[in-house]
Amino acid sequence: MSKDALMLPEAFPQLQNDTFLRATRREATEHVPVWCMRQAGRYLPEFRESRAGKDFFETCRSPEACCELTLQPLRRFPFDAAIIFSDILVIPQAMGMEVQMVAGKGPTFPEPLKEPEDLQRLQAKVDVGKELGYVFKAITLTRHKIEGKVPLIGFTGAPWTLMSYMIEGGGSKTFSKAKRWLYRHPEASHMLLRMLTDVIVEYLLGQVAAGAQALQVFESHAGILGPDEFEAFSLPYLRDIARCVKEKLKESGKDVPMIVFAKDAHYGLEALSQCQYEVVGLDWTIDPRAARERTGGKVSLQGNMDPCALYAPKERISDIVKKMLEGFGTTGYIANLGHGLYPDMDPEHVGAFVEAVHRHSRADKCNGGGGSGGK
Ligand code: CP3
């Protein structure tokens, strides 16, 4: 196939392993599907080699590099889904903000938003195709190169998480600069969250048009909000994103499962399960059985092994996975970690995690247990 043909979202190879998609619909599967957040990351030597000496966001802008990095973990492990290599901070960039990835420090905004007047610096109407077309190209190219092995997940940061970076200017323990806006400038906060929501909806629709087969929304900073602030400044926008994306997709006769991952928002679990997302992602602070009860079997669940459990010996990982599967049941469940993989993790232990999920969930079927759904 010519290079140009690889860029067209047409005639994608047929999907061979649909366990992940079936699990999002709470259908029966041969085994519990598994993937890891940050599966394309620095714990892999081949990732470090590909990324060596290259600027992070330059890498994000190269469809070929993103495709290669997305495929790397699939060559090592039988993951049941791939997630496109990119970053949540491409949206603030598309809205006109500068973001650098500083080694040892993480994402850094040289000129963060300080006061409500600074909203004027942002591009209100973003031409998503022009500013983020490189992500769409990466998705289309990857859909061809993945050869139908597993579905490809697209993603975005959620409005509050993006807003917190744009105001804080980088990572933070307290995110007090960003939270100051919520208490001191609620109207401007809502204005910014609305602007971000509009861009995110267009961005997710573009990802589906380019070939994404599922979408995950990362509200990674949900946990620094209390229940009331979560309900006021996070939840309405998460809800809007699912509603608008689904409405628009329906118009074009498409339907793509959506996952919401609001890290540490245990208090919001009931509400999150009623926001039209097919799947709710969980961090490791939530007990699997309690999560099933509180979500009432209406959604699939994804997660939630403590990433640090991967530091345990392999036999112990296997036991932890078994217990997790017993807690969630094997239907309507996608195994994952409760957050991303860390750079110092041993790839062999990641392999042991994936293998344990497959082995224990197949064994469950042999014993006649079709998954209790946590009941
Ligand atoms: O494999 C995958 O999961 C897909 C790729 C992916 C990346 N970032 C690649 C990346 C995804 C889904 C993200 C999302 C992302 N980015 C989030 C939400 C998920 C979460 O972790 O809560 C957040 C908060 C960011 C912002 C961001 N980008 C951070 C905090 C960092 C780490 C900085 C550091 O130095 O540790 C990044 C950089 C980043 N994004 C890396 C990767 C693989 C590591 C840097 C590198 O490759 O050089």
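Numbers here simply count residues along the sequence, with the first being 1. None of the values given here were measured: they were computed from a predicted structure.
- No salt bridge links R121 with E111; every basic N to acidic carboxylate O contact stays at or beyond 4.0 Å.
- For the residue pair R294 and L269, the shortest heavy atom distance occurs at NH2-CB, 3.5 Å.
- The aromatic rings of F218 and F155 stand perpendicular to each other, their planes meeting at an angle above 60°, with 30° marking the opposite boundary.
- In this structure, S220 OG and H339 NE2 are separated by 4.5 Å, a value rounded to the nearest 0.5 Å.
- The pair R359-E355 counts as a salt bridge, with a side-chain nitrogen and a carboxylate oxygen less than 4.0 angstrom apart.
- Side-chain atoms of I153 and Q213, non-hydrogen and from C-beta on, never get closer than 4.5 Å to each other.
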Item to complete: Check the pair K145, L71 against side chain to side chain contact (heavy atoms under 4.5 Å, CB included), reporting the backbone distance first and the verdict last.
Response: CA-CA 8 Å; K145 291 269 179 106; L71 297 179; 3.8 Å; yes
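- No side-chain donor from either of T285 and H266 sits under 3.5 Å from a side-chain acceptor of the other.
- Considering every non-hydrogen atom in both L325 and V357, the closest pair reads CD1-O, 4.0 Å.
- A perpendicular orientation is assigned to the rings of F20 and W35, their planes being inclined by more than 60° (bins at 30° and 60°).
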Worksheet item: Run the side chain to side chain donor-acceptor pair (under 3.5 Å) check on T108 and Q100 step by step: do they pass?
Response: CA-CA 5 Å; T108 305; Q100 298 156 357; 5.8 Å; no
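- Atom CG of L225 and atom OG of S234 lie 6.5 Å apart (nearest 0.5 Å).
- Proximity of a side-chain donor or acceptor of Q16 to a complementary backbone N or O of E147 within less than 3.5 Å is detected.
- Side chain of E231 to backbone of G226: no donor-acceptor contact under 3.5 angstrom is found.
- The shortest distance between side-chain heavy atoms of F230 and L272 falls below 4.5 Å.
- In this structure, the side chains of L15 and P151 come closer than 4.5 Å at one or more pairs of heavy atoms.
- When the options R22, K246, K298 are evaluated for a salt bridge (charged side-chain N to carboxylate O under 4.0 Å, His left out) with E278, the one that passes is K246.
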Discussion item. Could you go through Y43 and H349, starting from their C-alpha distance and side-chain angles, then the distance that decides it, and tell me whether this counts as side chain to side chain donor-acceptor pair (under 3.5 Å)?
Written reply: CA-CA 11 Å; Y43 74 104; H349 286 215; over 6 Å; no
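- At a threshold of 4.0 Å, the pair R42-D344 does not count as salt-bridged, since none of the basic side-chain nitrogens sits closer than that to a carboxylate oxygen.
- Applying the salt bridge (Lys or Arg N to Asp or Glu O under 4.0 Å) criterion to E98, with sequence neighbours excluded, gives no partner residue.
- Atom CG of residue D240 and atom CD1 of residue I200 lie 11.0 Å apart, to the nearest 0.5 angstrom.
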Item to complete: Run the numbers on Y277 and Q216 for side chain to side chain contact (heavy atoms under 4.5 Å, CB included), then give the verdict.
Response: CA-CA 9 Å; Y277 291 86; Q216 176 153 326; over 6 Å; no
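- From S189, atom OG reaches atom CD of E229 across 10.5 Å, with rounding to the nearest 0.5 Å.
- In this structure, the separation between CD1 on I286 and CZ on R292 is 12.5 Å, given to the nearest 0.5 Å.
- Summarising the local packing, CD of E270 is surrounded by more than 12 heavy atoms from other residues, nucleotides or ligands at distances under 6.0 Å.
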Worksheet item: Hey, mind stepping through L282 and Q302 against side chain to side chain contact (heavy atoms under 4.5 Å, CB included) and telling me if it holds?
Response: CA-CA 6 Å; L282 305 170; Q302 174 177 283; over 6 Å; no
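- Within the 4.5 Å cutoff, no side-chain heavy atoms of L215 are placed close to those of T156.
- Formation of a donor-acceptor pair under 3.5 Å by the T24 side chain with backbone atoms of L21 is found in this model.
- L89 has its side chain within reach of P92: a pair of non-hydrogen atoms, C-beta onward, lies under 4.5 Å apart.
- Contact record, Y134 with P63: O-CG, 3.9 Å, taken as the closest heavy-atom pair.
- The shortest distance between side-chain heavy atoms of D255 and K250 does not fall below 4.5 Å.
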Item to complete: For side chain to side chain contact (heavy atoms under 4.5 Å, CB included), just list the numbers for Y333 and R26, CA-CA rounded to whole Å, side-chain angles, deciding distance to a tenth of an Å, and then say yes or no.
Response: CA-CA 7 Å; Y333 174 51; R26 289 178 289 135; over 6 Å; no
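- Under the 3.5 Å distance criterion, the side-chain polar atoms of E293 are left unmatched by any main-chain donor or acceptor of A290.
- Between the side chain of W181 and the backbone N or O of S176, no donor-acceptor pair lies under 3.5 Å.
- Here the side chain of D127 pairs a donor or acceptor atom with the backbone of K130 at under 3.5 angstrom.
- Within the structure, the side-chain hydrogen bond (donor to acceptor under 3.5 Å, both in side chains) test picks out the following pairs touching residues 70-89 (sequence neighbours left out): N17-D80, T19-D80, H31-D80, E46-R76, S50-Q72, E68-Q72, E68-R75, D80-H358.
- With sequence neighbours excluded, no residue forms a ring-ring contact (aromatic ring centres under 6.0 Å, His included) with F353.
- Nearest heavy-atom pair across N304 and P288 is OD1-CG, 4.2 Å.
- Between the side chains of H221 and S164, at least one donor N or O sits under 3.5 Å from an acceptor N or O.
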Worksheet item: What do the steps show when you test E58 against R51 for salt bridge (charged side-chain N to carboxylate O under 4.0 Å, His left out), and what is the final call?
Response: CA-CA 10 Å; E58 278 307 313; R51 288 264 310 104; over 6 Å; no
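- Taking CZ from F136 and CD from Q207, the interatomic distance works out to 6.0 Å, rounded to the nearest 0.5 Å.
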Worksheet entry | Test log, rule salt bridge (charged side-chain N to carboxylate O under 4.0 Å, His left out), inputs K125 and D198 | CA-CA 9 Å; K125 281 265 166 286; D198 292 346; 5.3 Å; no
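- Residues M258 and L204 have side chains in contact (heavy-atom distance under 4.5 Å, counting atoms from C-beta outward).
- The two residues P343 and R48 have their closest heavy-atom pair at O-NH1, 4.5 Å.
- The number of heavy atoms from other shown groups lying within 6.0 Å of CE (M101) is above 12.
- At least one side-chain heavy atom of T140 sits under 4.5 Å from a side-chain heavy atom of F12.
- The closest donor-acceptor contact from the side chain of S172 to the backbone of E168 lies at 3.5 Å or more, if one exists at all.
- Note on K323 versus E326: no salt bridge recorded, every NZ/NE/NH1/NH2 to OD/OE distance being 4.0 Å or above.
- A salt bridge does not link D319 with R316: every distance from a Lys NZ or Arg NE/NH1/NH2 to an Asp or Glu carboxylate oxygen is 4.0 Å or more.
- Closest approach of T197 and P159 over heavy atoms only: OG1-CG, 3.3 Å.
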